[in-house]
Amino acid sequence: MAILIIVDKEKAEAWAAQVKAIDASLDVRVWPKVGDPADIDFVLVWKYPSGELKKFPNLKCIASLGAGIDHILQDRNLPQGVPVTRVVEYSMPQSMSEYVTLAVLNYCRLFDTYLKDQEAAKWHEHTSLLARNTRVGIMGLGQLGGDAAVKLRMLGFPVSGWTRAPKQIKGITSYHGEDMLESFLSDLSILICLLPLTPATRNILNRDLFAKLPRGAYLINVARGDHLVEEDLLEALDSGQLSGACLDVFRTEPLPEDHPFWRHSKIIVTPHISSITFAEEVAPQFVENYRRLHAGQPLENTVNVKMGY
Ligand code: NAP
């Protein structure tokens with residue numbers, strides 16, 4: 001049996017090399033050089049062509065190369081009943097927390113304003129926000145949101161979190177479910193989205209939600225582009241309901257050159273880099289799951305396909 005890797009051409013060979021470095025005896029193939037489709041029982045995928053997985057009659061595991069699985073669940077021909085796994089590892093929450101902390105501190109301490117002042121050789125003191133007066137709200141307290149919440153709390157920010165089911169994290173004010181969304185939003189200075197993309201969360205960052213935030217709140221979206229209704233963000237920035245946004249993910253990636261976000265004075269754009277996956281850290285998870293599969297043991301890091309995360 002064999003592992004098949006379906007990912008960007010530039011990255012595929014590197015992933016294959018990482019897996020082979022752990023166990024040289026494994027049969028690892030890189031798409032589209034599949035060989036006999038009946039050999040493939042385990043795939044490692046990131047944004048693969050829809051319908052492709054249907055071609056492998058003996059497929060036993062679909063492993064996402066990232067934390068999200070929305071790119072897999074959008075496949076209308078996804079083989080049914082095959083377990084789906086995702087990446088859970090140290091460097092991902094670490095790098096995501098670094099990014100959101102940077103975005104929060106940049107907003108509070110006005111670093112981008114000072115950079116503009118420097119370009120104009122302007123010596124001017126701006127009023128910054130005090131951490132203790134700046135409540136940060138995080139939608140999603142999973143491996144990424146939970147880590148960011150704890151780290152922002154340690155920096156002195158009051159932190160609220162919103163989840164699907166009740167969740168307790170020491171020092172974090174917790175809300176859950178649709179009924180509590182309005183209360184969660186009502187006193188935030190900064191809103192961070194770290195939700196998975198599911199039917200329940202698609203387009204959740206919209207005009208109605210922005211209206212429930214205090215006027216002048218700041219948005220950080222590091223989850224998925226499809227969480228955000230882009231026209232509603234532009235409208236909220238124009239009206240002053242939101243004071244700015246830091247965005248790492250977009251409906252279309254790469255963000256088209258003529259997209260209004262690129263040149264908007266209140267938006268910071270980064271190219272989907274908030275959380276970094278290191279192949280050498282993640283590859284052992286895949287090899288371990290492959291071993292488990294063949295030993296008849298339960299797979300690790302499986303997701304609930306029905307729930308979408
Ligand atoms: P996770 O561990 O599965 O956590 C998801 C969190 O979202 C959980 O707390 C869950 O609530 C909550 N949630 C899910 N559906 C909800 C709903 N309908 N209402 C309220 N809360 C809901 O996910 P993760 O590993 O932290 O990753 C989160 C997302 O970040 C990924 O799915 C991906 O889209 C994105 N991401 C982005 C990057 C990047 O580079 N920009 C990198 C990695 C991941 P419960 O605790 O109640 O289940």
Side-chain angles (χ1 to χ4, degrees), residues 15 18 44-47 61-73 83-104 136-155 157 159-177 184 190-198 200-202 204-205 220-227 246-249 270 272-289 292 298-309:
W15 277 107
Q18 285 296 338
L44 306 182
V45 294
W46 185 252
K47 295 185 179 171
C61 176
I62 302 167
S64 170
L65 283 164
I69 56 148
D70 45 293
H71 63 109
I72 294 171
L73 299 188
V84 176
T85 66
R86 71 185 191 118
V87 169
V88 178
E89 49 110 20
Y90 169 77
S91 59
M92 208 177 250
Q94 171 67 26
S95 57
M96 181 58 85
S97 292
E98 287 169 5
Y99 181 102
V100 298
T101 304
L102 182 67
V104 165
V136 181
I138 305 182
M139 303 176 89
L141 293 176
Q143 69 158 335
L144 303 180
D147 189 71
V150 170
K151 287 175 178 162
L152 286 165
R153 185 74 201 96
M154 278 167 62
L155 282 172
F157 290 92
V159 178
S160 303
W162 184 68
T163 50
R164 196 181 47 78
K167 185 158 211 160
Q168 295 306 322
I169 301 182
K170 196 167 170 253
I172 310 301
T173 309
S174 296
Y175 300 84
H176 64 275
F184 162 72
I190 299 174
L191 176 67
I192 300 173
C193 180
L194 266 168
L195 290 168
L197 183 65
T198 68
T201 66
R202 185 179 293 274
I204 195 167
L205 302 174
I220 299 171
N221 186 22
V222 276
R224 287 288 182 263
D226 284 358
H227 284 124
C246 175
L247 308 173
D248 183 52
V249 286
T270 55
H272 202 143
I273 46 75
S274 52
S275 170
I276 304 158
T277 306
F278 293 97
E280 63 274 24
E281 279 189 31
V282 174
Q285 288 185 20
F286 300 133
V287 176
E288 169 61 14
N289 259 350
R292 284 171 168 265
L299 298 175
E300 291 179 332
N301 305 324
T302 50
V303 293
N304 183 330
V305 171
K306 275 209 183 107
M307 298 280 296
Y309 71 102

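What you see is a predicted model, and the numbers here were worked out from it, not measured in a lab. What's counted below: heavy atoms across the whole structure, side chains too, no hydrogens, waters or symmetry copies.
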Within 6.0 Å of CE in M307, more than 12 heavy atoms from elsewhere:
yes

When rounded to the nearest 0.5 angstrom, what distance separates CZ in F157 from CD1 in I190?
6.0 Å

Looking only at atom types and distance, does a side-chain atom of Q143 sit under 3.5 Å from a main-chain N or O of V87, one as donor and one as acceptor?
yes

Are any non-hydrogen side-chain atoms of T101 and L152 less than 4.5 angstrom apart?
yes

Please give me the minimum heavy-atom distance between I172 and A149, naming the atom from each residue.
CD1-O, 3.7 Å

In the structure I gave you, are the side-chain heavy atoms of F184 and M139 within less than 4.5 Å of one another anywhere?
yes

Residues C246 and A103: closest non-hydrogen pair is SG-CB, 3.9 Å

Is there side-chain contact between M96 and D147, with at least one heavy-atom pair below 4.5 Å?
no

Considering only heavy atoms from C-beta outward, does the side chain of T201 approach that of Y309 to under 4.5 Å?
no

When rounded to the nearest 0.5 angstrom, what is the spacing between OG in S64 and CG in D70?
8.0 Å

D248 vs I273, test: side chain to side chain contact (heavy atoms under 4.5 Å, CB included). Steps then yes/no.
CA-CA 7 Å; D248 183 52; I273 46 75; 3.8 Å; yes

For the residue pair A283 and W15, what are the closest heavy atoms and their distance?
N-CZ3, 4.4 Å

Hey, what do you get for CD (Q18) to CG (L44), rounding to the nearest 0.5 Å?
12.0 Å

In Å, rounded to the nearest 0.5 Å, how long is the span from OG1 of T302 to CD1 of I62?
12.5 Å

For the student: nearest non-hydrogen atoms of M92 and A67, plus distance:
SD-CB, 3.5 Å

Contact between L65 and V282 at the side-chain level, heavy atoms closer than 4.5 Å - yes or no?
no

So, taking the atom named CG in L195 and the one named CG in L144, what distance separates them when rounded to the nearest 0.5 Å?
11.0 Å

pair H272-R224: side-chain heavy atoms closer than 4.5 Å
yes

Give, for atom CG of L247 and atom NE2 of H227, the distance between the pair rounded to the nearest 0.5 Å.
13.0 Å

Side-chain contact, heavy-atom cut-off 4.5 Å: V104 with I192?
yes

Of all heavy-atom pairs between S174 and Q168, which one has the smallest distance, and what is that distance?
OG-CA, 4.3 Å

Nearest heavy atoms of A148 and V100, plus distance in Å:
CB-CG2, 3.7 Å

Residues two or more places apart in sequence or in another chain: which of them pass side-chain contact (heavy atoms from CB on, under 4.5 Å) with N289?
F42, T85, R292, L299, E300

Is there any side-chain hydrogen bond (donor to acceptor under 3.5 Å, both in side chains) pair reaching into residues 278-287, and which pairs are they, with sequence neighbours excluded?
S91-E281, Q285-N301

Side chain proximity check, L191 to L205, heavy atoms < 4.5 angstrom
yes

